[in-house]
Protein chains: 2
Amino acid sequence: MTDDEDTWTPPEILVAVDLVILTLRASVFHVLLIERGIEPFKGAQALPGGFLNNAEEDIYAAALRELREEADLDGTDLHIEQLGAYGTPGRDPRGRVLSIAYLAIAPGLPDPVAGTDASGAAWVPVERALSGDVQLAFDHWKILDDAVERARSKLEHTPLATAFCGTTFTIADLQEVYEAVWGVDLDPRNFYRKVQRVPGFIESAGADRRMTTGRPARLFRAGPAATLHPPLTRPDPSNDSEEGR
Amino acid sequence: MTDDEDTWTPPEILVAVDLVILTLRASVFHVLLIERGIEPFKGAQALPGGFLNNAEEDIYAAALRELREEADLDGTDLHIEQLGAYGTPGRDPRGRVLSIAYLAIAPGLPDPVAGTDASGAAWVPVERALSGDVQLAFDHWKILDDAVERARSKLEHTPLATAFCGTTFTIADLQEVYEAVWGVDLDPRNFYRKVQRVPGFIESAGADRRMTTGRPARLFRAGPAATLHPPLTRPDPSNDSEEGR
DNA sequence: TGAATAGTGTCTCTCAGACAGTATACG
DNA sequence: CGTATACTGTCTGAGAGACACTATTCA
């Protein structure tokens with residue numbers, strides 16, 4: 001905006017939207033990946049996403065549209081937040097593409113995605129997707145890594161864990177979310193008290209119960225709190241090299 | 001990416017970079033704002049920023065360039081991180097502009113910015129900038145608000161506060177940062193112990209001292225830690241309506 | 001009845017906040 | 001000497017983690 005005021009015009013750039021859709025399936029933390037059918041990165045796995053439809057489309061609306069087209073999910077039910085912009089030149093071999101990444105959290109979906117627009121959509125365990133065994137297209141490994149860290153961190157200070165559950169859930173369900181996303185084991189009894197003590201985190205959903213062997217559990221729904229006071233802190237990973245005392 | 005595979009081409013969009021530069025001046029939390037000299041929003045205050053130079057420029061590099069051009073700051077010394085993308089259609093009355101916002105933290109700069117590219121650059125207290133008394137251009141109020149909340153939050157879990165100080169600082173300096181950014185008063189004695197206990201937060205910078213009235217203070221520099229364990233938590237704002245006991 | 005899961009009580013250790021008290025500079 | 005700032009010690013109450021114990025269901 002300094003030199004060449006008369007002749008210079010700002011460049012126009014291709015803008016895309018990428019989605020990191022996280023969920024819990026059978027108590028395991030999963031992400032939705034799609035096998036690319038065309039070059040570049042043909043045959044590799046990629047996050048669902050695509051370009052803006054037109055120069056007037058809102059980026060958030062584009063994220064909702066891709067969610068519908070590629071995962072057959074209704075974004076109005078889900079937690080969605082923006083992760084950030086990934087715009088390093090060269091990240092797409094076809095040319096300059098600026099991608100806005102979104103993080104979506106879905107309640108456990110029992111069946112693999114089928115009949116969707118993209119062929120080869122599949123839920124992949126996050127641990128496997130980040131392990132290096134899976135070939136990820138573009139800079140999608142970095143985007144996924146950022147998304148997972150964002151989710152892990154937000155579990156501590158926000159009620160994000162409830163977004164992994166349905167409208168009602170038990171405290172054991174909530175604990176499964178924390179254990180799967182953080183990759184740790186938690187004491188059910190301490191977890192129980194801790195969660196109950198945070199004002200506005202969860203509230204009772206009637207005297208309802210639930211089928212299982214053992215004593216029925218109370219059902220809860222997400223409460224009005226936007227942040228957790230006190231927070232639920234992750235166990236310190238510095239206690240790794242522990243001895244049997 | 002679904003219909004009109006043969007005829008449709010993705011739209012190209014103008015991409016800009018906006019900077020939220022935060023610092024401490026005389027123990028008060030400030031942000032750098034620039035008075036706009038041209039329409040739209042002529043006469044209003046705006047965050048420094050501008051369009052990408054060309055279609056190959058990296059967005060992070062563009063942020064560094066704007067930092068140099070508009071604030072005469074060298075980004076290699078500063079903490080810089082991406083805040084997010086702001087792309088609502090209509091945010092710029094001239095047309096569709098997607099803006100990538102960056103957060104920069106600078107050590108206290110004693111003098112107002114002068115001799116810079118943009119006329120009317122000024123440090124404005126954050127509280128005043130967000131109060132509504134200052135007319136902010138575009139959606140810059142929202143960007144600033146997000147940036148301030150990001151900074152406040154990161155003070156808890158990362159050594160970000162050291163980015164507000166020079167290479168060496170006293171613990172009292174660090175406390176001023178926390179007090180100014182959070183807008184609270186802290187007990188110096190508890191703060192002292194708390195900060196010292198976090199491994200890797202700060203480390204002694206020799207037996208150096210410092211001029212002031214009263215006992216000289218030890219100097220420290222930023223330590224190697226990327227996150228603070230345990231964190232420094234903000235006082236609970238729910239203790240507002242307190243009585244005199 | 002036993003197995004399985006849900007939920008409670010209680011102990012101990014650590015940490016946060018309050019604040020008395022000591023140390024070292026300047027005038 | 002007093003004053004101002006830097007730093008240390010100690011008390012108390014709240015929360016984290018460990019774990020014994022009670023409650024309620026199904027087979």
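Just so we're on the same page: letters track the sequence lines, and every chain starts at 1.
Looking at residues two or more places apart in sequence or on another chain, you find no ring pair (Phe, Tyr, Trp, His ring centres under 6.0 Å) involving Tyr86(A). For Tyr192(A), there are no ring pair (Phe, Tyr, Trp, His ring centres under 6.0 Å) partners two or more places apart in sequence or in a different chain. Here Ala129(A) pairs with Val31(A), Leu33(A), Val124(A), Leu144(A) under the side chain to side chain contact (heavy atoms under 4.5 Å, CB included) rule; sequence neighbours left out. Residues satisfying the ring pair (Phe, Tyr, Trp, His ring centres under 6.0 Å) criterion with His30(B), sequence neighbours excluded, are absent altogether. Annotation: ring pair (Phe, Tyr, Trp, His ring centres under 6.0 Å) contacts of Trp182(A) (sequence neighbours excluded): Tyr178(A).
With DNA chain C read from its 5' end, the first of the two nearest nucleotides for Pro230(B) and Pro216(B) is the one closest to Pro230(B). Comparing Arg215(B) and Thr233(B) by the nucleotide of DNA chain C that holds the closest heavy atom to each, the one mapping nearer the 5' end is Thr233(B).
Listed by first and then second residue, the salt bridge (Lys or Arg N to Asp or Glu O under 4.0 Å) pairs that reach into residues 180-189 of chain A are Asp187(A)-Arg189(A), sequence neighbours excluded. Sorted by first then second residue, the salt bridge (Lys or Arg N to Asp or Glu O under 4.0 Å) pairs that include residues 159-171 of chain B, not counting sequence neighbours, number zero. Sorted by first and then second residue, the pairs that involve residues 153-162 of chain B and meet salt bridge (Lys or Arg N to Asp or Glu O under 4.0 Å), not counting sequence neighbours, are Glu81(B)-Lys154(B), Glu156(B)-Arg234(B). Note on residues 171-180 of chain A: pairs passing salt bridge (Lys or Arg N to Asp or Glu O under 4.0 Å), not counting sequence neighbours, are Asp173(A)-Arg210(A).
Bounding nucleotides for the chain A contact on DNA chain C, 5' to 3', at a heavy-atom distance below 4.0 Å, are dA4(C) to dT10(C). Reading DNA chain D from its 5' end, the first and the last nucleotide to sit under 4.0 Å from a heavy atom of chain A are dG15(D) to dT25(D).
Between Asp146(B) and Arg150(B) no salt bridge is recorded (no basic side-chain N to carboxylate O distance below 4.0 Å).
For the segment residues 166-198 of chain A, the set of residues with a heavy atom within less than 4.0 Å of an atom of DNA chain C comprises Ala172(A), Arg189(A), Tyr192(A), Arg193(A), in numerical order.
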